[in-house]
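Here the structure is laid out as structure tokens; the discussion comes afterwards.
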Amino acid sequence: MIENEIYRISLFIETTNYICHWVVSFNHGHTHVCQKHQNVKLLIAALPNKQEYKDLLARMVCDISNRDCMMRSCTNCPGKAALMSYLSMSQVCSDYEVDMEDSVNYKQWMHTDRTQLASLQLSIQELLQTLCDALDKLCQHYFVTKAQAASYLRNLRAVSSRR
């Protein structure tokens with residue numbers, strides 16, 4: 001059963017390469033992670049008060065499960081400015097004594113001739129802007145990969161039920 005599950009996950013990763021750039025990490029075994037998702041999570045990890053990326057995405061859109069919102073074609077969505085305002089003035093930074101010009105260290109997956117985890121430094125203000133930009137780009141990616149995974153699992157169940 002476990003070999004079957006590993007094969008299914010590996011097959012899913014192979015069939016989603018055109019959507020996700022998979023990062024292979026050998027630090028904790030052979031692991032595949034989506035570079036876009038992981039880079040957003042790494043940016044969030046640098047914040048003084050931890051947040052979930054899905055909660056931050058939800059602050060940019062009317063409905064995280066609505067295609068128009070996530071494809072950024074809804075004119076009613078609050079957008080990047082609302083998220084930046086939340087991050088700047090909410091408990092994310094205000095519960096801590098931070099100056100927006102203070103430097104913060106964070107990590108990002110970088111891809112040149114190979115993929116590696118790089119250590120970077122920005123001011124908190126620049127980090128928040130970078131995070132908002134990354135989350136704005138992640139909206140479409142998140143929705144498409146979620147729909148793609150759901151479709152893959154439906155097809156897998158249909159094939160399994162025929163056997």
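All residue numbers refer to positions in the sequence shown, counting from 1.
- Formation of a donor-acceptor pair under 3.5 Å by the Ser88 side chain with backbone atoms of Ser85 is not found in this model.
- In terms of the side-chain contact (heavy atoms from CB on, under 4.5 Å) criterion, residue partners of Ser123 (sequence neighbours excluded) are, by chain and number, Glu101, Gln125, Glu126.
- Counting heavy atoms from C-beta outward, Leu57 and Cys139 have side chains that approach closer than 4.5 Å.
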> So Asn155 and Ser151, side chain to side chain contact (heavy atoms under 4.5 Å, CB included) or not? Walk me through it.
Replying inline: CA-CA 6 Å; Asn155 291 338; Ser151 174; 3.9 Å; yes

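- Annotation: side-chain contact (heavy atoms from CB on, under 4.5 Å) contacts of Gln38 (sequence neighbours excluded): Val33, Lys41, Trp109.
- Counting heavy atoms from C-beta outward, Asn39 and Leu138 have side chains that stay 4.5 Å or more apart.
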>> Could you walk me through whether Leu43 and Tyr106 satisfy the side chain to side chain contact (heavy atoms under 4.5 Å, CB included) test, starting with their C-alpha distance in whole Å, then the side-chain angles of each, then the deciding distance to 0.1 Å, before giving a yes or no?
In response: CA-CA 6 Å; Leu43 284 167; Tyr106 67 102; 3.6 Å; yes

>> One pair to check against side chain to side chain contact (heavy atoms under 4.5 Å, CB included): Lys137 and Val40. What are the steps and the verdict?
In response: CA-CA 10 Å; Lys137 291 176 186 171; Val40 167; over 6 Å; no

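- With sequence neighbours excluded, the residues forming a side chain to side chain donor-acceptor pair (under 3.5 Å) with Ser65 are Asp63, listed by chain and number.
- Aromatic ring orientation, His37 versus Tyr53: perpendicular (interplanar angle above 60°, classes split at 30° and 60°).
- The line from CD1 of Ile64 to CZ of Phe143 is 10.5 Å long, rounded to the nearest 0.5 Å.
- Looking only at side-chain heavy atoms (C-beta outward), Thr145 and Lys36 stay at 4.5 Å or farther from each other.
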> When you look at Met71 and Val144, which way does the side chain to side chain contact (heavy atoms under 4.5 Å, CB included) test go after all the steps?
Replying inline: CA-CA 9 Å; Met71 292 298 167; Val144 169; 3.4 Å; yes

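- For Gln108 (side chain) and Ala118 (main-chain N/O), no donor-acceptor pair under 3.5 Å exists by modelled atom type.
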